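Have a look at the structure below, then the notes.
Keep in mind that what you see is a predicted model, and the values were worked out from it rather than measured.
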Protein chains: 2
Amino acid sequence: MESQDLRKAGLKVTLPRLKVLEILEKTEQRHLSAEDVYKALLAMGEEIGLATVYRVLTQFEDAGLVSRLSIDGGHAVFELEDGTHHDHLLCVRCNRIEEFTDEVIEERQRAIAAEKGFEMTDHALYIYGICQQCQK
Amino acid sequence: MESQDLRKAGLKVTLPRLKVLEILEKTEQRHLSAEDVYKALLAMGEEIGLATVYRVLTQFEDAGLVSRLSIDGGHAVFELEDGTHHDHLLCVRCNRIEEFTDEVIEERQRAIAAEKGFEMTDHALYIYGICQQCQK
DNA sequence: CTGACAATGAGAAAGGTTTTCATTTAGTAT
DNA sequence: ATACTAAATGAAAACCTTTCTCATTGTCAG
Ligand SMILES: [Mn+2]
Ligand SMILES: [Mn+2]
Ligand SMILES: [Zn+2]
Ligand SMILES: [Zn+2]
C-alpha cells in the first residue's frame, strides 16, 4: 500500500499520484521521462494529464521519492529514489542507461570542490558512449 | 587573421562567422550563451540574427572550434576549444563557471566505460555548488 | 457529511533552439 | 572584372519540453 509513502511525504493521496508511483515501480525500465510515464498511464487506461504528470514528478522529487536526471539539455528522466547515489552511462545509439558508483570519483569531486572553495550541492556525471549491443 | 581558421574548418568566410569568432576570442568571460554572443554583437554594432548565431555556433562546434556545455536547465554555453579537456564547477547562485582537470577521474571514467562494455565517446561532469564569493 | 483548501485537466504560455523560405553573398568559373 | 551557383543569412514561424492559469473536482479534517 503506497498510500503510506505519499502520506509520509506530506502529499494527499490522489489517484494520479498513486498511479504515477505504480508506473515508476512496475515499469521494467528504471529511467522514465514524463512523457514515458504519461504514455504508460494512457496504456493502462488512466486519463491523467501531462501537466499533472509533471507536477507529480516534481513533487515526488521534492519529497525525495524520485530523482531527476537532466539528459543532454532539455529532456529529463526520473527514477525511483533508492537511497544509493549513482551516476550514469548513456548509449548515444539506443538511449540505454546504465548505472555505476565509484567512490574514487566521488572523493575526487569533493576534493576539487574544496580546492576551489565551492560548497558542493550536487554533481552530475554522464559517460556517453556506444553500448555493447550497439557496437555489433 | 582568423579567416584561415574558418577556411581550415571548411567554412566560407562570412561576416557573421568572423564576428562571432571575434566575440568568443575577445570577451573576458570564457563561457557564453548564444544570447550572450548575440547581445555582444549588438553592442558592437553588428546586426546579426540570433538564428545565425545559433547556426554559426553549431557549425563551430562541428568543426571543433568551440565546445558546448549543456547546463542543467535547458540552456547551453559555448567556449573556444583550446584542445585541453576540462570539466566544470558551476555556482548555483551567481552562475560563475570554473574549470578543472583531474586525471584520476578521467582514468576512472575510462575504466568504468570499459567494465560496462561501453565505447566511450564523451563525458560530462558538472559539480554544482556555491562559490566562495557567494558563501559570504 | 460538509466545507475549506488542495489537486486536477485543458489549454495557453514560456523559454531556448531550430526550421522555413525568400533574399543576399561568397567563391569559382568565364 | 563579371556572371553564376551553391551556400549563408534574417525574420518569423515552428518546435519541444516544461510550467502556468484558471475553472472544476476531489481529499480529508472537523
Ligand atoms: Mn539511475
Ligand atoms: Mn570550460
Ligand atoms: Zn546502445
Ligand atoms: Zn557564486
Query raised in the report: When you measure from every atom of DNA chain C, which of residues 29-53 of chain A have a heavy atom less than 4.0 Å away?
Result: A:Glu47, A:Ile48, A:Gly49, A:Ala51, A:Thr52

Requested in this report: Take the protein atom CG of B:Leu69 and the nucleotide atom P of C:dT17, then report the distance between them rounded to whole Å.
Outcome: 12 Å

Query raised in the report: Separation of B:Tyr54 atom OH from C:dT20 atom C1', in whole Å?
Result: 18 Å

Query - For atom NZ of B:Lys12 and atom P of D:dT5, their distance in whole Å - result: 13 Å

Query raised in the report: Between D:dT19 atom P and B:His75 atom NE2, what is the distance in whole Å?
Result: 16 Å

Requested in this report: Answer whether the closest heavy-atom distance between the side chains of B:Asp87 and B:Phe100 falls below 4.5 Å.
Outcome: yes

Query raised in the report: Expressed in angstrom and rounded to an integer, what is the separation of A:Lys19 atom NZ from C:dT8 atom P?
Result: 14 Å

Query raised in the report: Within this structure, what is the CZ-to-P distance between B:Arg17 and D:dG10, rounded to whole angstrom?
Result: 11 Å

Query raised in the report: At how many degrees, to 10°, do the end axes of the helix from C:dC1-D:dG30 to C:dT30-D:dA1 meet when each uses five pairs?
Result: 30°

Report summary line: note: A:Leu6, atom CG; C:dA6, atom P; distance rounded to Å ~ 17 Å

Query raised in the report: Are A:Glu98 and B:Phe118 close enough that some pair of their side-chain heavy atoms sits under 4.5 Å apart?
Result: yes

Requested in this report: Please state how far atom CG in B:Leu11 lies from atom P in C:dT25, giving the value in whole angstrom units.
Outcome: 19 Å

Query raised in the report: Can you find a side-chain donor-acceptor pair between A:Arg55 and A:Thr58 that sits under 3.5 Å?
Result: no

Query raised in the report: Are B:Leu69 and B:Val56 in one and the same hydrophobic cluster, where Ile, Leu, Val, Met, Phe, Trp and Tyr link if side-chain heavy atoms are under 4.5 Å apart?
Result: no

Query - Hphob cluster co-occupancy, A:Phe78 + A:Leu125, side-chain heavy atoms under 4.5 angstrom - result: no

Requested in this report: Quick one: label A:Arg55 by what it contacts on the DNA or RNA (base, sugar-phosphate, nothing), any heavy atom closer than 4.0 Å.
Outcome: base

